[in-house]
Amino acid sequence: VLNGQAMAAWTHKDGGPRYWLLDTGAAQDMISQYHVPKHLIKRIYDDSDPLTLNTANGQIKVSQRCPYQLDLGALKEINPWILEDSPAVISIGQLVMLHGYSFYWTPKQEPQLFDPKGNEIKGIKAAGFCPVWEDTRGVNPLAMLKDSGCPGPAIKEPSKESPTKPECPAIEQSNGG
């Protein structure tokens with residue numbers, strides 16, 4: 001839930017995750033098998049050093065990974081472990097310790113992530129008291145409306161010149177409301 005509303009379109013049309021949990025308690029990047037985009041299935045590989053993860057449901061062994069391209073400032077690719085069922089997770093520990101990122105979260109403010117060059121990463125927000133990154137590559141807000149079940153073509157986004165109250169909650173969300 002983001003700003004009191006369910007997040008629309010958790011996945012991109014290609015099947016990849018749209019929202020990534022930025023986890024300070026996860027030592028590894030992870031992705032659900034259901035969020036691996038179809039075009040990456042052929043690139044899944046068995047890691048030569050399988051991993052045992054301690055989860056809320058007990059220990060699980062994972063061995064598969066896939067290269068996943070993203071645009072997180074200086075970081076352009078990760079190799080998340082593929083789990084049967086998991087949110088898309090980016091390890092804050094790896095970002096900070098291995099890649100030189102800085103992560104800040106001051107009271108009553110949105111979390112902030114900076115790449116090694118000091119550039120703030122856009123799309124970082126708190127969702128349910130957890131920091132998430134919204135991967136907005138290729139996201140068309142009007143297509144999101146259509147996918148959400150709202151009558152997209154009949155709804156116009158409010159302009160600054162003539163603000164109107166949108167009739168669809170997805171419009172409010174896409175406008176930050």
Write down the atom of [X], the atom of [Y], and the distance for their closest heavy-atom approach.
X: Ser32; Y: Ile82; result: C-CG2, 4.4 Å
X: Gln112; Y: Glu120; result: NE2-OE2, 3.4 Å
X: Trp133; Y: Asp71; result: CZ2-O, 3.4 Å
X: Leu21; Y: Pro131; result: CD1-O, 3.5 Å
X: Leu70; Y: Glu77; result: CD1-N, 4.4 Å
X: Val36; Y: Cys66; result: CG1-SG, 4.2 Å

### Query
Crowded around Gln33 CD? As in, over 12 foreign heavy atoms under 6.0 Å?
yes
### Query
Above 12 or not: heavy atoms from other molecules or residues under 6.0 Å from CD of Glu84?
no
### Query
For Ser91, does its backbone N or O pair with a side-chain atom of Asp29 as donor and acceptor, under 3.5 Å?
yes
### Message
Is it the case that the side chain of Gln94 and the backbone of Ala27 share a donor-acceptor pair, with hydrogens and angles ignored and the cut-off at 3.5 Å?
### Response
yes
Is there a chain of hydrophobic side chains (I, L, V, M, F, W, Y, each step under 4.5 Å between heavy atoms) that links [X] to [Y]?
X: Tyr45; Y: Leu40; value: no
X: Val96; Y: Leu113; value: yes
X: Ile44; Y: Tyr68; value: yes

### Summary
Distance col, row Tyr34:OH vs Asp85:CG, nearest 0.5 angstrom, shows 6.5 Å
### Query
How long is the span from the CD1 atom in Ile60 to the CG atom in Leu51, to the nearest 0.5 Å?
9.0 Å
### Message
Would Leu53 and Leu83 count as a side chain to side chain contact (heavy atoms under 4.5 Å, CB included) here? Give the steps.
### Response
CA-CA 10 Å; Leu53 299 173; Leu83 280 66; 4.1 Å; yes
### Message
A side-chain contact here means heavy atoms from C-beta on lying under 4.5 Å apart; do Asp115 and Ile121 qualify?
### Response
yes
### Message
Would Gln69 and Lys76 count as a side chain to side chain contact (heavy atoms under 4.5 Å, CB included) here? Give the steps.
### Response
CA-CA 6 Å; Gln69 293 183 349; Lys76 302 297 183 196; over 6 Å; no
### Query
Got a sec, which pairs hit salt bridge (charged side-chain N to carboxylate O under 4.0 Å, His left out) with one end in residues 42-64, sequence neighbours left out?
Asp47-Arg65
### Task
Kindly determine whether Leu72 and Ile78 satisfy side chain to side chain contact (heavy atoms under 4.5 Å, CB included), including the steps that lead there.
CA-CA 10 Å; Leu72 197 62; Ile78 60 174; over 6 Å; no
### side chain to side chain contact (heavy atoms under 4.5 Å, CB included) evaluation trace for Trp105 with Leu22
CA-CA 12 Å; Trp105 198 358; Leu22 300 176; over 6 Å; no
### Summary
Going by chain and number, the hydrophobic cluster around Phe114 (ILVMFWY, side chain to side chain under 4.5 Å) further includes Tyr104
### Message
Run the side-chain contact (heavy atoms from CB on, under 4.5 Å) test against Pro116 and tell me which residues pass, sequence neighbours left out.
### Response
Ala74, Tyr101
